[in-house]
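Order of the sequence lines sets the chain letters (A, B, ...), proteins ahead of strands, with each chain counted from 1. It should be emphasised that the depicted structure is a prediction, and the values quoted were computed from it without experimental measurement.
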Amino acid sequence: MSEPLPSIAQRLRGLNERQLDAVKQIDGPLLVLAGAGSGKTSVITTKIAYLIQTCGFKANSIIAVTFTNKAAREMKERVVSILSKPESRGLSISTFHNLGLRILRREYRRAGLKEGFTLFDSQDSLGLVKEILDKEFNGQTDSAAYCQNTISNWKNDLTTPSEAMTNADTEEYLLAAQVYAQYQRYLRAYNAVDFDDLILLPVSLLMADEELRDRWQKKVRYLLVDECQDTNGSQYELIRLLAGYRRCFTLVGDDDQSIYAWRGARPENLERLSVDYPNLKLVKLEQNYRSTKTILKAANTLIANNPHVYDKALWSDLGIGDPIRVMVTRNEDAESERVAAEIQSRHLRYDIPYRDFAILYRGNHQARLLEIKLQAYRIPYKMNGGTSFFSRAEIKDLMGYLRLLVNPSDDNAFLRVVNLPRREIGPATLEKVGNVATDRNVSLFEACGYKDIEESVTGRSLKSLQDFEKWMTTLRKRLEGASPVPVIEQMIYDMDYYGWIQEQSSSTKAAERRIENVRFLLDSIQRMMESAWEEDETAGLDQAISKLLLIDMLERQEEEEDEDKVQLLTLHASKGLEYPHVFLIGCEEELLPHRNSIENDDIEEERRLAYVGITRAKRTLCITMAAKRRQYGEEIDCLPSRFLDELPEEDLVWEGRGDEAENVKKERGQASLSALKAMLND
DNA sequence: CAGGCTTTTGTTTTT
DNA sequence: CAAAAGCCTG
């Protein structure tokens with residue numbers, strides 16, 4: 001031990017009175033209403049340390065849940081830095097989905113799953129829905145996205161297929177309900193689960209099985225949940241079930257930062273808590289340690305336009321700081337250009353590191369232009385989100401192989417990889433395999449091992465099919481008890497996958513990049529295997545790959561290099577983060593209150609989104625908008641976002657090329673006027 | 001069966 | 001205006 005660790009007593013001294021309340025309240029249900037930047041992460045991490053060090057809780061009896069892997073990682077690091085490593089051993093800080101996966105990995109048999117079950121990502125499940133619509137509902141594949149969404153909502157609300165069927169009162173619902181039933185059947189046949197199942201199945205098991213419920217409730221002595229305004233119905237139920245009769249938990253949330261209602265989050269869970277737990281204690285954290293007074297005032301003024309159940313008055317001790325700049329530009333091109341130029345000049349003039357800047361936007365597509373301009377200015381940047389690591393073709397391919405290796409029932413994986421690289425196995429052959437599979441009631445892969453196929457499939461196709469089956473089976477045997485990565489490398493070598501990638505890629509550069517990605521995946525698997533510690537007794541390839549699917553690998557990849565880069569992210573992705581200098585771009589009607597949200601009257605959530613964006617800023621905030629924007633090839637006029645009207649005018653400094661700022665100011669008046677008219681009409 | 005061509009579709013937000 | 005999906009030819 002080189003340096004003495006900061007003792008828990010020291011930690012506690014660093015907290016304010018409210019925060020201390022939140023930490024010390026340990027013997028009952030507690031809700032912490034934590035405003036933006038009020039130090040809730042400190043509270044959670046200190047509390048975990050306090051529970052272990054002062055109150056004598058075993059680390060492995062505490063479960064902390066967050067929504068993103070990033071938050072979980074950060075939290076874990078902070079706890080480990082307070083406690084010693086051995087003391088924090090076995091402590092579980094993970095996302096809801098990871099927790100669900102962990103439960104399922106232990107109890108999968110009771111959920112009707114077999115060993116090595118695979119996890120479908122949303123692309124996989126959309127594909128499955130399409131397949132079902134195609135096969136069983138004469139090709140109504142255009143409603144696939146709708147069905148997928150509806151099914152997901154049902155699952156989040158713990159609605160079973162039969163309940164969905166009974167309650168279906170419209171044509172669409174009925175179709176979705178029928179697809180839902182089939183979808184679940186197919187998933188089980190493939191020995192697969194989707195994201196929603198990771199919560200749904202553990203909840204069903206805990207509800208139905210007393211022994212299991214008992215076991216888990218004994219195991220979990222204290223529960224902490226971050227961002228609980230984002231919990232959906234099934235997640236809330238999971239919390240309740242794990243908390244059990246002991247009812248010892250700390251939930252932290254902020255209703256003003258609820259921005260996930262569209263994916264089933266139910267912020268009203270915060271209110272429901274006091275009904276379900278009458279002795280619920282409430283602590284409010286209202287001191288903001290992050291932003292200047294000006295920024296905080298703007299945020300407060302904006303969010304005051306939303307109704308509130310719990311009143312909250314965020315205040316800051318920090319200085320007034322700079323006023324908020326509002327930049328108006330000719331079009332979206334100029335907007336990105338201005339932002340890039342601004343960052344470069346501030347970087348050069350004041351020596352502000354790139355990493356201190358963040359550019360926030362509503363939709364991922366807005367990043368494209370920014371990338372171009374930032375590159376033109378030679379500004380290093382990091383994009384958060386965007387195309388996931390796992391949606392890259394080469395990664396999907398390899399994952400397909402791994403999935404099939406681990407789970408021979410995974411027909412999806414089979415179909416993806418069976419003819420890749422080319423093995424002369426086309427649709428005709430596969431249809432015959434499909435027939436055998438249906439007759440024998442086995443998966444496609446298993447059907448390849450049956451003698452039956454020799455009756456229908458002949459010649460070269462038959463040989464390559466059987467070779468494929470033998471090859472995969474041999475690999476799987478070799479996988480047993482061995483370290484998986486060398487086996488995978490052998491597999492890649494056997495099929496000359498790198499050669500195939502080179503053949504497929506347009507340039508050697510692109511090919512190199514893709515091979516690098518594959519290597520990175522192998523590397524991650526290796527690391528995952530090595531860190532098969534804490535909790536999970538078995539560490540198989542199957543576990544490694546499903547865990548990796550849940551982790552945003554892009555994050556990981558970037559975090560390794562300690563970089564100085566401008567951060568580009570969506571408003572949604574920015575929650576929980578903070579930056580000294582923030583640019584909030586595209587503040588226009590139809591974009592920041594998004595058009596769909598205007599139509600559905602969901603302005604409040606959009607306002608919260610803007611609120612989240614503003615409260616990310618520590619020192620300066622710059623809001624931009626374009627007067628014109630190209631959309632579907634047509635150039636359209638943009639109105640300033642109504643949220644600009646809701647900010648304190650005296651703290652805003654408008655800039656732009658003279659006339660444009662003037663025009664927009666005029667329009668701004670008109671916008672308010674038309675909003676007023678609309679109100680009067682209601 | 002593959003790759004190149006035309007047509008059509010479309011933009012929220014994500015574990 | 002772009003990307004994806006579907007169509008058609010070599």
>> Using a 5.5 Å cut-off between ring centres and planes within 30 degrees, is Phe67(A) stacked on the base of dT15(B)?
In response: no
> Between Tyr260(A) and Trp262(A), does the ring centroid distance fall short of 6.0 Å?
Replying inline: yes
> Does dT9(C) pair with anything, Watson-Crick or G-U wobble, both distances under 3.5 Å, and if so, with which nucleotide?
Replying inline: dA2(B)
>> Of the listed nucleotides (dT15(B), dT13(B), dT11(B)), which one gets closest to any side-chain atom of Thr570(A)?
In response: dT13(B)
> Can a salt bridge be assigned to the pair Lys373(A) and Glu337(A) using a cut-off of 4.0 Å between side-chain N and carboxylate O?
Replying inline: yes
> Atom CD1 of Ile372(A) to atom P of dC1(C): distance rounded to whole Å?
Replying inline: 15 Å
>> Taking the basic N atoms (NZ, or NE/NH1/NH2) and the acidic carboxylate oxygens, is any pair closer than 4.0 Å for Asp256(A) and Arg608(A)?
In response: no
>> Just the rounded figure in Å: distance from P of dT15(B) to CZ of Arg266(A).
In response: 21 Å
> Going by ring centres under 5.5 Å and near-parallel planes (under 30°), is His594(A) stacked on dT13(B)?
Replying inline: no
> Whole-Å distance between dT11(B) P and Asn149(A) CG?
Replying inline: 13 Å
> What's the OH-C1' distance between Tyr361(A) and dT14(B), to the nearest Å?
Replying inline: 14 Å
>> Between Asp542(A) and Arg403(A) (salt bridge meaning N to carboxylate O under 4.0 Å), is one present in this structure?
In response: no
>> Tell me the interatomic distance from Phe195(A), atom CZ, to dT13(B), atom P, rounded to whole angstroms.
In response: 16 Å
>> Under 3.5 Å for both donor-acceptor distances, Watson-Crick or wobble: does dT11(B) have a partner, and if so which one?
In response: none
> Does Thr429(A) or Glu605(A) map to a spot on DNA chain B nearer the 5' end, using the closest nucleotide for each?
Replying inline: Thr429(A)
> Picking from dT11(B), dT13(B), dT15(B), which would you name as closest to the side chain of Arg263(A)?
Replying inline: dT15(B)
> Within less than 4.0 Å of OP1 or OP2 of dT15(B), is there a side-chain N or O belonging to Asn98(A)?
Replying inline: no
> When the distance from NE2 of His365(A) to P of dA3(C) is rounded to whole Å, what number comes out?
Replying inline: 13 Å
> Between Glu588(A) and Arg629(A), is there a salt bridge with N-O shorter than 4.0 Å?
Replying inline: yes
>> Could you tell me how far apart Arg368(A) (CZ) and dC1(C) (C1') are, to the nearest whole angstrom?
In response: 11 Å
> How long is the line joining CG of Asn232(A) and C1' of dT13(B), in whole Å?
Replying inline: 16 Å
